[in-house]
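Report on one structure; see the data block that follows.
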Protein chains: 2
Amino acid sequence: MELAEAKLKFIEAWGKLGSEWGINRTMAQVHALLLVSPEALTTEEVMAELSISRGNANMTLRDLMDWGLVEKQHKTGKRKEYFYAEKDTWIIARRVAEERKKRELDPVIKILGQLSEVKGDEKDPAFNAFKSSVTDISKLANNVNKTLDTMLKAEENWFFGSIFKIFK
Amino acid sequence: MELAEAKLKFIEAWGKLGSEWGINRTMAQVHALLLVSPEALTTEEVMAELSISRGNANMTLRDLMDWGLVEKQHKTGKRKEYFYAEKDTWIIARRVAEERKKRELDPVIKILGQLSEVKGDEKDPAFNAFKSSVTDISKLANNVNKTLDTMLKAEENWFFGSIFKIFK
DNA sequence: AATATCTTTCATTTATTTTTGAAAGTTTGA
DNA sequence: TCAAACTTTCAAAAATAAATGAAAGATATT
């Protein structure tokens, strides 16, 4: 397999994985493209490589910057803006975890907290089933939350050194 | 807040979370409904509670069974089929992890393995950037994979006892 | 074996998400 | 200050995903 073909396969696979995890396929593909690119690319180049429109490229690049996965660069003497992807997988994983935690886990934990406050008839099986499911899920969510907090504070070496080693 | 309202909020929140993670909203909602229901429900009841069609209810319940989150029950003397959700959050988390690993992680690891075999000019920055990104992601994916394997084999007590305690 | 009850399928419709591209907005330099 | 170079916006269109419901397929009952 040659580089060009491998690149396409990688972009395709990354896009598919992204869409299975609720991330816009194009966004994942642009990320993949920038990930394997040694140089920062312009909007034009992204548009051309992936055959997407200017509007799409612009919005997608903005989203990737919001996720902290891509940053703008300016090259001296050039008018154009260049986009460069963070290459360190540990940082990528952290940024994604951080964003999803903030956007999804935090709101859900808040709701679960409210819902586990609900009062009712302790003789009613419907009430008990509700209470116990919500309480259990709430506990799990809070555990995941604590785990993520620790991970987000941690250093790469700590993470790869201790977590993964636990699992042999 | 009373039970009926809390139940609706829970179903709504679970559905939203599901859709953010690439799981059909209705599927997550049906799961939520069954989770807080002390008794197994019929297709009719699921249809009525969530105002969805027979076809949708049927397919969604089948999917939930494929995920190992819901099972059919038969009540003696009754013709209808009843559906019951696994309530143990540890088992739910395991089943979801197991399925997603099988459906998504395994295929991606296979592709990454192939892609990291690609040969090319070591003086070419494009080749080196590709190789190093793919190799790093491949390593991360394999670490996650090992972690999941261990987790899937593990017992609940082991998991809650050691993993979460590491994180204080 | 005919009928009633219940389940599954799938072509069509509906809803949601994503993309487009032209127009408006912004910045830079002559 | 003007206009060329570049970026952003967003209403409309296209693509994709999900839901419907009637019909076909099962299964149990008499």
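Just so it is clear: chains get the letters A, B, ... in the order the sequence lines come, proteins before strands, and each one is counted from 1.
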Value in whole Å for how far the P atom of D:dA19 lies from CD of B:Q29 | 9 Å

Of the candidates C:dT19, C:dT27, C:dT7, the side chain of A:R79 sits closest to C:dT27

Would A:I111 and A:V108 show up in the same hydrophobic cluster when neighbours are defined by side-chain heavy atoms closer than 4.5 Å?
-> yes

Report the distance from atom NZ of A:K16 to atom P of D:dA17, rounded to the nearest whole Å.
-> 12 Å

Measure from the side-chain heavy atoms of A:R54 and tell me the nearest of C:dA4, D:dT8, C:dT19.
-> D:dT8

Could you give the OH-to-C1' distance, from A:Y82 to D:dA5, as a whole number of Å?
-> 13 Å

How many Å lie between CG on A:N24 and P on D:dA17, as a whole number?
-> 11 Å

Starting at atom CD1 of B:I52, determine the distance to atom P of C:dA15, rounded to an integer number of angstrom.
-> 16 Å

Rounded off to whole Å, could you give me the CD1-to-P distance for the B:I23 and C:dT16 pair?
-> 19 Å

Counting distance only, does the side-chain N/O of B:S133 pair as donor-acceptor with the main-chain N or O of B:F130 below 3.5 Å?
-> no

B:R25 CZ to D:dA19 P: how many Å, rounded?
-> 8 Å

B:E12, CD atom: more than 12 neighbouring heavy atoms under 6.0 Å = no

Describe the nucleic acid contact of B:K72 in one word from base, sugar-phosphate, nothing, applying a heavy-atom distance below 4.0 Å.
-> sugar-phosphate

Kindly write out the residues that satisfy salt bridge (charged side-chain N to carboxylate O under 4.0 Å, His left out) with B:K87, not counting sequence neighbours, or none if the list is empty.
-> none

Check ion pair B:K102-B:E98 (N to O, under 4.0 angstrom) = no

Near B:K101 NZ, under 6.0 Å, is it more than 12 heavy atoms from other residues, nucleotides or ligands?
-> yes

Starting from C1' on C:dC6, measure out to CE on B:M47 and report it in whole angstrom.
-> 12 Å

Cationic N near anionic O, under 4.0 Å, A:E39 to A:K75 = yes

Which parts of residues 55-70 of chain A get close to DNA chain C, meaning a heavy atom less than 4.0 angstrom away?
-> A:G55, A:N56

